**Student:** 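Submitted below is the structure of interest, expressed as structure tokens.
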Amino acid sequence: MTETNQMQDAIRQSEQAFRSLAENSPDFIIRYDLEDRIRYLNANLIRMLGIGGAEEFLGQRPREAWPDGRYAPIEAASARARASGEPQRLELLVPAGAGKVEYHHLLVVPERDAAGTIVGTLMFGRDITEVRETEQRLRHFIDSIPGIAFTFRRDADGKFSFPYVSHAIREIYGLEPEDVRTDFSALHDLAHPDDRPVIEATIAESARTMTPYRLESRVCRPGMPERWLDTRAVPERQPDGSLLWYGLMLDVTDRKRAEETLRKRERELHHLAENSPDNIVSYDDEGRVRYLNSKLERELGKTLAELEGRKIGELFPDGRFAEIETTMLRAIRQGEVGPVVLPVAIDGQDIRHHQIRAIPERDETGRIIGALAFGSDVTEIIRLQEAVAVREQEFRALVEHSPDTIARFDRDCRRTYANPALLSSCGPEADRLLGTTPTEFPGGEWEQRYEEALRGVLASGAATDFSSSRHDTGGRIVHRLIRLTPERDRSGMVTSVLAVGRDITELMEQREKIHSLAFFDFVTGLANRALFNDRLAQSITDARWHATQLGVLLLDLDRFKAVNDTLGHNVGDALLREAGARLSRCVRDYDTVARLGGDEFAVLLPEIRDAQSLSGVADKILVAFAEPFLLDGREVAVGASIGIAVYPNDSEDADGLLKFADLAMYAAKHAGGQGFRYYTAEFTIQAHERLRIETELRHAVERRELELYFQPKVTMTDGRLIGSEALLRWKSSAFGMVMPDRFIGIAEDTGLIVDIGAWVLREACAAARAWNAAGVPHKVAVNLSPRQFADGSLEERIAEALSATGCRPEWIELEITESLLLENAERVRGTLEALRAMGFSIAIDDFGTGYSALSYLTNLPIDVLKIDRSFVKDMMSYASKAELVRTIIAMANSLSMHLVAEGVETEEQARFLLDNGCVVGQGYLYGKPMPKHELRVDTGDA
Ligand code: C2E
Ligand code: CA
Ligand code: CA
């Protein structure tokens, strides 16, 4: 082999080696000649260019092969490499289609031959797009992280610096990377003073152990809020003996604050949970205990440490909390929330009831990560509720069985409840009660008012009573008192009204009875005095208003007392009833007839035409009363006296009217009865006079103002004086001579008659004794008042008079009136018999005017009948009176009684009396009453 051959071999061999290297290189390789014409493309480049082979590029310059000039810089680099003999580096941005670019890193190297002569250039290209893009992403990343990426260096002398620090240093520290490139102190000085020693120690430790460090520290920039940095760095020893840390400082201020808040919140929650009156447990999603508050710890007698991480079932295998566990698991699985009340048995204690509520706990994504269970002991509440339920049951029973009707109305006055009593009172329509208002059902005028009352209670909140009177299903009137009571909610607002109705029918009837007892006369059924007064007052008010007149009429039965005493109370009552009935028939419907008491009746006549019209009424009444009453099978003449007073003429008030009517009636009575009188002022004057008389009369005896006159009694055949009647005269220093008609009545009314009568007896006895002692028989008649009998001391007083005067009983005749006989028959009879037994003779005065019960004539010790002077006076004019006189005379004769005719004034009368058998007479014809000394008894020539 020649040297050349050897050389060529060597070249071939090296060429081969290059080829095989170039063909397998991951780089793309191009070989250029000295004119930059392409001499070779490796397989990788052909693949990259996507061409079939190298042929079409061979011999071309880059500028020719890629007319867009993308590789044009290669020619310049190639020229520089050839000129300098140095490799040239360049980076090209190459379009890669579809808008993409690729980074190509190119190395252009001069190619030498064996002698070292440059024969061309070799270009090695590499696609570094990925590297560049990674770099870019990294930069973006570093720029986007909330912190600083850095390299931190400690050189061999122990000096610290930041060779690299990302731009975020500006934002976080307010520094430029240059400020810390050679010295870290500008940055270190901004660390919180407390943190600096920690930072230094941590770095020293990392350097010593060559382990990564991590620390949290604070940055304090003047005038800026404190920031937290979380620094992590990995150390690496450098060949020059320095240490380099690669690291990140992350701004974790927000997280730190959140943590702080969280911790605070947690502390609060913990505090809450620990102080909660409830039992609180927190479970994880498997039902393991995570937390329980100390209240529950105490109650269970176990600590959180003992229970944490365990399931209830494991802790209490006896299953006593199985239900609680199920509830909690349900909350975890289904998100269900209680509350449920469960029995809880804790060792050695009674079963308690806990109300348990389980709430699922969720993380931010809403996933259930556990459950919170709250439990509270509601045993007492349940007990109370049970008690309330029992109570309610009791009340319900009461309400349901109550005889009262009970309804509840809502704010619209609709019934929301009706008890059975109410329902049954409504009959078949009861089902319409609920939900309706009273005006809707049953509706009506009363319901209208009732609903108004309900609304009133709803508005005012004040209870009220409402009364109802309606027919029940049986047609009976039922009275109800309905009490309406407001019901309020907790805020005090009236929400409903309770209506309790009570049947007060019986009460009302009772009340009516009482009312009638209070206002009506029991015997006659007429109004009583109270009711009369009431109506009178009312009528006066009306009359005043309408300027009308009204009349008050008082009526007194002339002979009631006599009937009552002789015939008994039952007959007396019958008389009163009949009298009332007659009276009622005589007046208008709207007049009020009342019995004021005893035999006194009153009639109120409102709205009369005039006062005169009342005389018509009075006449009518008198006619009705003139008719005999049929009592106990016999006819009895009673008669009445009527007094009339008129509003406003006589008086404008009730008392005045009654008083004046009474005076008028008194006048009518004193006028002889069976008549009426209007009130006149005269009566008042008389009433006053009566009072004055009474006052004076009290002193009449002691002042010796009384005197006895004597009226002769004669046999009319011959005019012979056989006796006299003692008649009282009062020679008053105040009034002058006063006749007995004016004062005897008053003396009787006041009882003065007893003393006066005693005086009369003594005087009469004295006179009788004087006359008889003279030898001429002379009987003195003495008038006795019924009051003297009532006194009870009559016999005694008469005996006194006899013994005081020496008079004998046979010289005295006692005159009594018929009315006396009617009063207290038995006692009077006793007295009369005693007097008779003493030797007195007894005469009945005014015979024929009184009550014509003849029975007493035969039963009582009576010697003489004195025919009343009214008969004598009228007997010549009226046949009826003449007949009556004849009857009296006949009767006296048949009973062997003596007769005296009173008031004989004419011979004619004397003749008639004599013709009919009455011999003894007394009257003006024979002599008026005269003083004692004027009566000439001694001789027979009167
Ligand atoms: P009397 O007992 O019926 O008395 C008869 C009265 O008739 C006397 O009135 C007498 O004056 C009157 N009189 C007699 N004759 C005639 C006559 O012809 N024509 C008329 N028009 N009247 C005649 P006097 O004295 O005024 O007495 C009135 C009444 O007073 C008596 O009625 C008697 O009831 C009563 N009285 C009088 N004195 C007493 C007495 O001492 N005690 C009692 N208790 N009553 C007496
Ligand atoms: Ca007499
Ligand atoms: Ca008489």
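In each ligand, atom 1 is the first atom listed, and ligand 1 is the first ligand listed. Keep in mind that this is a model prediction, so the values were computed, not measured.
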**Student:** Determine the minimum heavy-atom distance between Gly572 and Asn564, stating which atoms define it.
**Tutor:**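 For Gly572 versus Asn564, the nearest heavy atoms are CA-OD1, 3.4 Å.
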**Student:** Looking at Lys561 and Asp599, is any side-chain nitrogen of the basic one under 4.0 Å from a carboxylate oxygen of the acidic one?
**Tutor:**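 Lys561 and Asp599: not salt-bridged.
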**Student:** If the threshold is 4.0 Å, N to carboxylate O, is there a salt bridge linking Asp749 and Arg787?
**Tutor:**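 Between Arg787 and Asp749 there is no salt bridge, as every charged N stays at least 4.0 Å from the carboxylate O atoms.
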**Student:** For ligand 1, indicate whether the residue Glu902 contacts it via side chain, backbone, both or neither (heavy-atom separation under 4.0 Å).
**Tutor:**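 Side chain only.
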**Student:** Could a heavy atom of Lys866 be found less than 4.0 Å from some atom of ligand 1?
**Tutor:**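 Judged by the 4.0 Å heavy-atom criterion, Lys866 does not count as contacting ligand 1.
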**Student:** With a 4.0 Å heavy-atom cut-off (strictly under), which part of Arg729 contacts ligand 1: side chain, backbone, both or neither?
**Tutor:**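 It is the side chain that gets close, since no backbone atom is under 4.0 Å.
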**Student:** Would you call Glu696 and Arg692 a salt bridge, taking side-chain N to carboxylate O under 4.0 Å as the test?
**Tutor:**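 Judged by the 4.0 Å cut-off on N to carboxylate O distance, Glu696 and Arg692 do not form a salt bridge.
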**Student:** Using a 4.0 Å heavy-atom cut-off, say whether Val760 meets ligand 1 through its side chain, its backbone, both or neither.
**Tutor:**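 Answer for Val760: side chain.
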**Student:** Closest to the Ca ion (ligand 2), which N/O/S atom of Glu725 is it?
**Tutor:**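 The Glu725 atom nearest to the Ca ion (ligand 2), restricting to N, O or S, is OE2.
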**Student:** Please step through side chain to side chain contact (heavy atoms under 4.5 Å, CB included) for the pair Lys866 and Ile844, ending with a clear verdict.
**Tutor:** CA-CA 6 Å; Lys866 289 187 81 172; Ile844 296 211; over 6 Å; no
**Student:** Does anything in residues 795-806 form a side-chain hydrogen bond (donor to acceptor under 3.5 Å, both in side chains)? List the pairs, not counting sequence neighbours.
**Tutor:**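 As it turns out, the side-chain hydrogen bond (donor to acceptor under 3.5 Å, both in side chains) pairs with a partner in residues 795-806, which skip direct neighbours, are Ser793-Arg797.
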**Student:** Heavy-atom distances under 4.0 Å decide this one: backbone, side chain, both or neither, for Asp845 against ligand 1?
**Tutor:**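 The answer is the side chain.
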**Student:** What part of Asp741 sits under 4.0 Å from ligand 1 if we count only heavy atoms: the side chain, the backbone, both or neither?
**Tutor:**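 Side chain only.
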**Student:** So Thr524 and Asp521, side chain to side chain donor-acceptor pair (under 3.5 Å) or not? Walk me through it.
**Tutor:** CA-CA 6 Å; Thr524 60; Asp521 174 49; 2.5 Å; yes
**Student:** Is the closest N or O pair between Asn783 and ligand 1 shorter than 3.5 Å?
**Tutor:**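 Yes; the residue has a nitrogen or oxygen that sits under 3.5 Å from a nitrogen or oxygen of the ligand.
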**Student:** Only N/O/S atoms count here: what is the atom of Glu815 closest to the Ca ion (ligand 2) called?
**Tutor:**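 Of all N, O or S atoms belonging to Glu815, OE1 is the one nearest the Ca ion (ligand 2).
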**Student:** With a cut-off of 3.0 Å, does Asp845 place any N/O/S atom under that distance from the Ca ion (ligand 2)?
**Tutor:**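 Yes, within the cut-off.
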**Student:** Which atoms of ligand 1 have any heavy atom of Asp846 under 4.0 Å away?
**Tutor:**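 Those qualifying, in numeric order: 3 (O).
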**Student:** If only atom types and distance count, is the side chain of Gln674 paired as donor or acceptor with the main-chain N or O of Ala640 below 3.5 Å?
**Tutor:**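 Judged by distance alone, yes, a pair lies under 3.5 Å.
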**Student:** Side chain, backbone, both or neither: which part of Ile756 has a heavy atom under 4.0 Å from ligand 1?
**Tutor:**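 Under 4.0 Å from ligand 1, Ile756 contributes no heavy atoms.
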**Student:** For ligand 1, indicate whether the residue Lys928 contacts it via side chain, backbone, both or neither (heavy-atom separation under 4.0 Å).
**Tutor:**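 Contact part for Lys928 vs ligand 1: neither.
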**Student:** What residues, two or more places apart in sequence or in another chain, satisfy ring-ring contact (aromatic ring centres under 6.0 Å, His included) together with Phe629?
**Tutor:**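 Result, ring-ring contact (aromatic ring centres under 6.0 Å, His included) vs Phe629: Phe625.
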**Student:** Taking the basic N atoms (NZ, or NE/NH1/NH2) and the acidic carboxylate oxygens, is any pair closer than 4.0 Å for Glu725 and Lys713?
**Tutor:**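 A salt bridge is absent here (no side-chain N lies under 4.0 Å from a carboxylate O).
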**Student:** Can you list the ligand 1 atoms lying under 4.0 Å from a non-hydrogen atom of Pro740?
**Tutor:**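 Result: 24 (P), 25 (O), 26 (O), 27 (O), 28 (C), 30 (O), 37 (C).
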**Student:** Does ligand 1 have an atom that lies less than 4.0 angstrom from a heavy atom of Gly757?
**Tutor:**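 It does not, in that no heavy atom of Gly757 comes within the 4.0 Å cut-off of ligand 1.
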**Student:** For ligand 1, is there an N or O atom under 3.5 Å from any N or O atom of Pro929?
**Tutor:**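 It does not: no N or O of Pro929 is found under 3.5 Å from an N or O of ligand 1.
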